[in-house]
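Let me begin by presenting the structure, written as structure tokens, before commenting on it.
Note on naming: letters A, B, ... go to the chains in the order of the sequence lines (proteins, then strands), and numbering restarts at 1 for each one.
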Amino acid sequence: MAENKVRFIITRQDTPDSTPYEEEFVLDYRPGMNVISALMEIRRNPVNAKGEKTTPISWDMNCLEEVCGACSMVINGKPRQSCSALVDQLEQPIRLAPMATFPIIRDLQVDRSRMFDSLKRVKAWIPIDGTYDLGPGPRMPERKRQWAYELSKCMTCGVCLEACPNVNSKSDFIGPAPLSQVRLFNAHPTGEMNRAERLEAIMGDGGLANCGNSQNCVQSCPKGIPLTTSIAALNRDTSIQAFKNFFGSDQV
Amino acid sequence: MAKNQEFYWRRLHSLLGVIPIGLFVIMHLVINNFATRGEEAYNGATHFMESLPFLIFLEVFVIYLPILFHAVYGIYIAFTAKNNTSRFGYFRNWMFKLQRWTGVITLIFIAWHVWETRIAKAFGAEVNFDMMENILSSPFMFAFYVIGIIAAIFHFANGLWSFMVSWGITVTPRSQVIATYFTIAVFVILSYIGVSTLFAFV
Ligand code: SF4
Ligand code: FES
């Protein structure tokens, strides 16, 4: 392969239920190109390596700066964001595949709805609405705010679910991301008021207890979120919550 | 299964693996190590265990029922995982996979082991040094016992590590690393005890 060419092998799928197939593309190298700019190049001129005209590749993207999480896909075997995947740093041929843990819409585009449903299920928000002005909430210590900021970087990208051996079609595990969000919202001084509700949500089927400690998530998260620490901390919180629920406590 | 019971089943599964099953395994390995002190010592120890009062109740509630539950639920857990060590070859992911494999191997081993000893005893055989010497005189069975015992010990040691995470005892990465070293030590020590016992019979 000539130096100034870039070779891509892309796993494609035309409809949600059709069989996937591979298609190869060879592009001219441009300095600084990343996986998304290459996909855009193919979209401009959808011709495969055999010189046949084909359809443009479908994929998702939004921010183009690794903060929205929409563009995740499996690049050379590892799930990651395609907007920050620089061609210069990738081994060739570059293999692109969809994150097949999620339902595939088309080509590299997947449906991450289950993650947003999980966030609803665990109540990953802070209820501040009332029928009257509730006034300012308690303040958060600065040190804690800085710590919580790290957890808040989650962009629901789905990489941790793709990496987890316990998130698959045989299990209904919600995966690491929504669990860590429970820890985030439970740490907030106002969010803490609904702590028990969130803990009970993750003590339901498909929740926290499905974690099998493979710890792939923490190795894979592009935002460096301490997912396994969050999970272990929640294991402790739910142990205490289960104890309170069973033996009774004046605190809810 | 009833809805939203999974959390409690999982916790029970984790707990039973350590108490009583793990404790029983340690005791079993240690007591059998009497074999290294000769036939008489071994038979004496076996006889003492067999003559414990309420033995059948101890066996049923401390050994059989917990192991049965742990095995059945464990198989369910093992088969809901989709191992991916080829894509994610991290240490803990390997432990995750080995935990499931050794669980299945241990179950096969225990089923055979119980059949050959405890059930044989119920049919009138006497469990003693001679019996084990006999079983282990076949190289195939010897290898089967080495693999079975090491798998069981691995499953216990690594399970102890997950137990500490699953109950929220080891939360920080540092405590989890130290727990890894600790459980490696448990694995090495118990393996030594178990395998040296086996060699006492040949
Ligand atoms: S926790 Fe990390 S890997 Fe998982 S969805 Fe959030 S940002 Fe992505
Ligand atoms: S497009 Fe937003 S993370 Fe890549």
**Message:** Tell me if a side-chain donor or acceptor on K78(A) pairs with a main-chain N or O of R87(B) at a distance below 3.5 Å.
**Reply:** yes
**Asked** For T238(A), is it the side chain, the backbone, both, or neither that has a heavy atom closer than 4.5 Å to a heavy atom of chain B?
**Response** both
**Message:** I need the residue from A81(B), S162(B), S14(B) with the largest number of non-hydrogen atom pairs under 4.5 Å to chain A.
**Reply:** A81(B)
**Message:** Quick check on Q176(B) against chain A: is it the side chain, the backbone, both or neither that has a heavy atom closer than 4.5 Å?
**Reply:** side chain
**Complete:** Here the gap from R92(B) atom CZ to N213(A) atom CG, rounded to the nearest 0.5 Å, amounts to 8.0 Å
**Asked** Can you find a side-chain donor-acceptor pair between Q215(A) and N93(B) that sits under 3.5 Å?
**Response** no
**Message:** What part of V74(A) gets within 4.5 angstrom of chain B, counting heavy atoms only: side chain, backbone, both, or neither?
**Reply:** side chain
**Asked** Non-hydrogen atoms of chain B under 4.5 Å away: do they reach the side chain of D237(A), the backbone, both or neither?
**Response** neither
**Message:** Between T170(B) and chain A, with a heavy-atom cut-off of 4.5 Å, which part of the residue counts as in contact: side chain, backbone, both or neither?
**Reply:** backbone
**Fill in**
Under 4.5 Å to a heavy atom of chain A? For Y90(B) that would be side chain
**Prompt:** Is it true that a side-chain atom of K170(A) and a backbone atom of F79(B) form a donor plus acceptor pair closer than 3.5 Å?
**Reply:** yes
**Asked** Is it the side chain or the backbone of I77(B) that comes within 4.5 Å of chain A heavy atoms, both, or neither?
**Response** neither
**Asked** Between N168(A) and chain B, which part of the residue has a heavy atom less than 4.5 Å away: side chain, backbone, both or neither?
**Response** side chain
**Message:** Would the distance check show the side chain of S239(A) and the main-chain N or O of W167(B) forming a donor-acceptor pair, the cut-off being under 3.5 Å?
**Reply:** yes
